[in-house]
Visitor: 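Please see the structure below; I have some questions.
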Protein chains: 2
Amino acid sequence: MKPELRHLRYLLAVAEHANFTRAAEELRVSQPTLSQQIRQLEKALGVQLLDRTARAIRLTDAGSAYVHYARSALRDLAAGERAVLDVRDLSRGHLRLAVTPTFTAYLTGPLVADFHARHPGITLDVREMTQDRIEADLLDDRLDLGIAFAGDHLPGIEATALFTETLGLVVGPRHPDGQHPGPLPVAELGDHRLALLRGDFATRRHIDRYFAEHHVQPRIAVEADSVNALTEIVTRAPLATVLPDAVTHDHPQLTPIPLDPALPSRTVTLLCRRSTYRSAAARAFGHRAADWARTHDITSG
Amino acid sequence: MKPELRHLRYLLAVAEHANFTRAAEELRVSQPTLSQQIRQLEKALGVQLLDRTARAIRLTDAGSAYVHYARSALRDLAAGERAVLDVRDLSRGHLRLAVTPTFTAYLTGPLVADFHARHPGITLDVREMTQDRIEADLLDDRLDLGIAFAGDHLPGIEATALFTETLGLVVGPRHPDGQHPGPLPVAELGDHRLALLRGDFATRRHIDRYFAEHHVQPRIAVEADSVNALTEIVTRAPLATVLPDAVTHDHPQLTPIPLDPALPSRTVTLLCRRSTYRSAAARAFGHRAADWARTHDITSG
DNA sequence: GGTAGCTATTGAGCTCGTCTATAGTCGGGG
DNA sequence: CCCCGACTATAGACGAGCTCAATAGCTACC
C-alpha cells in the first residue's frame with residue numbers, strides 16, 4: 001500500500017505533540033484510528049517512524065527523514081491551492097492572441113499594453129496571421145483569442161463584434177490635396193498616386209473591391225507589407241493611402257480626406273473557439289477589448 | 001473535501017495523455033472512475049482544471065498551475081521514501097553517544113573515527129559525562145548510547161559487556177624503575193610518587209579502593225583531570241601513574257610495570273535504554289564497538 | 001502493589017472509491 | 001443528412017477500509 005496524505009497529516013501531528021492521544025484530539029479522530037494509521041504508514045514504508053518506548057513519543061532517524069519530506073509535500077499542495085486562486089485573480093495565466101496584420105498598427109499596441117499593465121502576471125503570446133489561419137488555430141486550440149473581421153467564420157468559431165472600422169483616404173503634409181475643401185468624389189481617385197498594402201492583405205482586397213465597384217483604377221505607386229511602412233511613406237512623400245480612421249487619429253501629421261461615397265465599413269470582431277470553457281485571462285482580455293472599443297467609438301464617431 | 005494523492009496522480013495522468021480513456025488504462029481504473037475523481041478534484045479546488053471541449057483534453061491555466069505543485073508534492077513523497085531507505089543503509093542518521101571521561105583517551109577516538117569513516121552520513125554527538133548522568137540521560141532519551149563500566153545500573157538500562165579493561169602502573173622514560181625486572185609488590189608502591197586522576201573520576205576511586213585494600217598510602221604528587229595530561233606528565237617527569245593498558249599500548253615511550261597483585265579489572269559495557277526500538281545507527285555503532293573490543297582483547301591479552 | 005496515563009487490539013458500522021452498464025456529445029464519412 | 005465511431009458523463013451496486021467505542025496491555029510512579 002502507498003502512503004496517503006492522511007498518513008502524512010497524522011504523522012506530523014503525532015510528531016508535533018509527541019503523544020498519540022493529544023494528536024488524535026487535534027485531528028478530531030479517535031486515538032485507535034491514529035495508532036492504526038501510523039502503523040499502516042510504517043508498514044508501507046517498511047520502517048519504524050516513531051519510538052514509542054520512551055516517555056514521550058520520539059521520531060526515529062527514519063521518521064525525522066520522512067517527516068521532512070512529508071511537510072514539504074503538504075506545503076506544495078497548499079501552494080498549489082494558492083496558485084489556483086491566483087489564476088482566478090488574474091495574477092497568473094497565459095493568453096495566446098492572434099490578430100490580422102492591420103490591427104497591429106493601432107489596436108494591438110494599446111490593448112496589449114493596457115492588459116499587461118492591469119495583469120502583469122499573465123504572459124501574452126501575440127502574433128499576426130491571416131484570418132483563415134486564426135480561425136483554424138482557434139479550432140485546433142493553438143490560440144485562445146483572435147481579432148479579425150466579421151464575415152463567414154468556420155463552424156465552431158464564436159464571433160463577438162467589437163467596433164466598426166472605417167477606412168479613408170489619407171495624405172501627409174507634402175501632399176497637394178492636404179487642404180482639400182470637401183469630400184473627394186471617387187471618380188477623381190484615378191488622378192492620385194497611392195501607396196497601399198499588398199494584395200495578400202484582407203484590407204487591400206477590401207479596398208480593391210471598392211475601386212472595382214466604382215470602376216476606378218488608381219495608380220499604385222508603392223505597395224508595402226505593414227501599416228507602419230505606409231504611414232512613414234505618406235508622411236514623407238506626396239502620396240495618398242487608405243487606412244483605418246483610428247490610425248489617422250494617432251498621427252497628427254496625417255490628414256484624412258473623406259471620399260464620396262465612403263468606403264464600406266467593416267466590423268472588427270473578437271474570435272474564439274465555441275466552448276463552455278474560457279480561461280479567466282481570455283475573459284478578461286475580452287472585457288478590455290470591449291472597453292477599448294467603446295471609448296474608440298466615442299472618439300471616432 | 002481536500003485533494004488526495006489519488007487525485008493528483010489521476011490529474012497528472014490525464015494531463016499527460018490528454019485523454020481520459022488512455023489515462024484510465026494506464027492507471028488501471030475505469031474511465032468513469034477517473035472522470036468522477038477529476039471532477040471531485042475540480043470541485044475541491046473550486047476551478048476547472050481541464051478543458052474538455054477541445055479535440056484533445058487540455059490543462060486550463062489553473063490546471064497547469066496546480067499540476068506543477070502536484071508533481072512537486074509527489075516528488076517529495078518519493079524522495080521521502082528514498083530517504084527512509086537511506087537511513088536503513090546507514091547513509092543517514094544521527095547518534096548521541098556519551099562516554100565516561102577515561103575512555104576519551106584511547107577508545108572514543110579510534111572508535112568514532114572508524115565509525116565515521118564507514119558511515120560519513122551519520123552525524124555524531126559525542127560527549128563526556130559521569131556514569132550516573134549517562135544512565136539518567138539514556139532513560140530520558142537524551143542519549144542513544146553510553147560507554148561506561150559494568151556494575152549496578154539504573155532500572156531500564158541495558159548493558160552489554162564489550163571488553164575487560166585492566167589498569168597498571170605506568171612510568172615514562174625518565175623514571176628510575178623503567179627497567180624494573182619483575183612484578184612490583186604492591187607494598188613497595190609507598191616508595192613511589194604518583195600522578196593520578198582527580199577523585200571525582202570513577203577510575204581514581206577504583207584505584208583508591210585498591211590501595212586501601214592493600215593498606216598502601218602512595219604519595220600523590222600530581223592530580224590531573226584528563227588521561228592526556230597524565231601521559232604528558234609521566235613522559236616528562238620521573239613520576240608513575242595508573243592507566244588502562246590500552247593507553248600504554250598507544251604510547252611507545254610509556255612502560256607498564258606489572259603490580260603484584262594486579263589491580264582488579266573492570267568490564268567496559270555499552271549502555272542503552274531498554275526498549276524495543278534501536279536506531280540503525282545505534283545498532284551499527286554497537287557492532288563496531290564489539291569488533292573493536294575483540295581486536296583490543298587480542299592485542300592486550 | 002495499585003493506580004494513572006498511554007498505546008494497541010477488536011469487531012461493528014458506514015462512508016466512498018470503484019465497477020459495469022448506459023446515456024450524452026461531438027466530428028467525420030458515406 | 002444521418003449514421004457511426006470515439007470519447008466523456010451519469011447512475012446504481014458493491015465492497016474495501018477508515019473510523020469508532022469498548023477494552024486490553026503496558027509502564028512508570030507513588
Side-chain angles (χ1 to χ4, degrees), chain A residues 1-11 13-15 17-44 48-60 135-136 138-141 154-158 273-277, chain B residues 1-11 13-15 17-44 48-58 135-136 138-141 154-158 273-277:
Chain A
M1 200 221 322
K2 284 218 154 279
E4 292 295 330
L5 291 181
R6 174 174 18 95
H7 294 123
L8 306 189
R9 299 200 181 95
Y10 287 6
L11 175 64
V14 174
H17 288 86
N19 179 310
F20 277 69
T21 310
R22 241 47 65 63
E25 284 170 10
E26 186 195 87
L27 293 168
R28 311 300 196 112
V29 296
S30 69
Q31 168 267 314
T33 298
L34 192 51
S35 283
Q36 187 221 44
Q37 293 294 311
I38 294 286
R39 198 158 283 278
Q40 207 171 84
L41 177 60
E42 289 181 326
K43 192 172 178 184
Q48 196 169 341
L49 296 169
L50 295 169
D51 178 4
R52 302 155 170 83
T53 55
R55 171 92 44 162
I57 271 72
R58 244 188 112 245
L59 285 169
T60 64
E135 297 190 3
L138 282 170
L139 288 179
D140 282 358
D141 199 36
L154 295 180
I157 291 292
E158 192 174 311
R273 182 165 50 86
R274 197 173 66 230
S275 118
T276 56
Y277 173 75
Chain B
M1 199 219 322
K2 284 216 156 280
E4 292 294 330
L5 292 181
R6 173 174 21 92
H7 294 122
L8 306 189
R9 299 199 181 96
Y10 288 6
L11 175 64
V14 174
H17 288 85
N19 178 311
F20 277 70
T21 310
R22 245 42 70 61
E25 284 169 9
E26 187 195 89
L27 293 167
R28 311 300 197 111
V29 296
S30 70
Q31 169 268 314
T33 297
L34 193 51
S35 283
Q36 187 219 47
Q37 291 295 310
I38 294 286
R39 197 158 283 279
Q40 206 171 85
L41 177 59
E42 289 180 327
K43 192 173 177 184
Q48 196 169 342
L49 297 170
L50 295 170
D51 178 3
R52 302 156 169 82
T53 55
R55 172 95 41 166
I57 269 75
R58 244 189 110 246
E135 297 190 3
L138 283 170
L139 289 179
D140 283 357
D141 199 34
L154 295 180
I157 292 291
E158 191 175 312
R273 182 165 52 85
R274 196 172 64 230
S275 115
T276 55
Y277 173 75

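So that the names make sense, note that chain A is the first sequence line, chain B the second, and so on, each numbered from 1.
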Visitor: Only counting residues at least two apart or in another chain, list the ones meeting salt bridge (Lys or Arg N to Asp or Glu O under 4.0 Å) with A:E26.
Guide: none
Visitor: Taking side-chain hydrogen bond (donor to acceptor under 3.5 Å, both in side chains) as the definition, give me every residue that meets it alongside B:Q37, ordered by chain and number, with sequence neighbours left out.
Guide: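 B:Q37: side-chain hydrogen bond (donor to acceptor under 3.5 Å, both in side chains) contacts with B:R6, B:H7.
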Visitor: Counting the atoms with a prime plus P, OP1 and OP2 as sugar-phosphate, which does B:R22 contact under 4.0 Å by heavy atoms, base, sugar-phosphate, or nothing?
Guide: sugar-phosphate
Visitor: The criterion is side chain to side chain contact (heavy atoms under 4.5 Å, CB included); which residues satisfy it with B:R22, sequence neighbours excluded?
Guide: B:H17, B:N19, B:E25
Visitor: Run the side-chain hydrogen bond (donor to acceptor under 3.5 Å, both in side chains) test against A:Q31 and tell me which residues pass, sequence neighbours left out.
Guide: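 With sequence neighbours excluded, A:Q31 shows a side-chain hydrogen bond (donor to acceptor under 3.5 Å, both in side chains) to A:S35, given in chain and number order.
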Visitor: For each nucleotide in nucleotides 9-22 of chain D, reading 5' to 3', give B when a protein heavy atom comes within less than 4.0 Å of its base, S when such contact involves only the sugar-phosphate, and - otherwise.
Guide: BB-------SBBBB
Visitor: CD1 of B:I38 versus P of D:dT8: gap in Å, rounded?
Guide: 11 Å
Visitor: Once side-chain hydrogen bond (donor to acceptor under 3.5 Å, both in side chains) is applied, do any residues pair with A:T60, and if so which ones, sequence neighbours excluded?
Guide: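 Checked A:T60 against side-chain hydrogen bond (donor to acceptor under 3.5 Å, both in side chains); zero matches.
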Visitor: Taking any atom under 4.0 angstrom from a heavy atom of chain A, which nucleotides of DNA chain C are the first and last to qualify, 5' to 3'?
Guide: C:dC6 to C:dT9
Visitor: Is there a side-chain contact between A:L50 and A:L11 in this structure, where contact means two heavy atoms from C-beta onward sitting under 4.5 Å apart?
Guide: yes
Visitor: Students often get this wrong, so: under 4.0 angstrom with heavy atoms, is B:L34 touching a base, only sugar-phosphate, or nothing?
Guide: nothing
Visitor: Between atom CG in B:L154 and atom C1' in D:dC29, what is the gap in whole Å?
Guide: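 After rounding, the gap between these two atoms is 15 Å.
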Visitor: Could you tell me which residues satisfy side chain to side chain contact (heavy atoms under 4.5 Å, CB included) with B:Q36, sequence neighbours excluded, listed by chain and number?
Guide: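 Side chain to side chain contact (heavy atoms under 4.5 Å, CB included) list for B:Q36, sorted by chain: B:Q40.
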Visitor: Test of understanding: with salt bridge (Lys or Arg N to Asp or Glu O under 4.0 Å), list the residues that count as partners of A:E42, not counting sequence neighbours.
Guide: A:R52
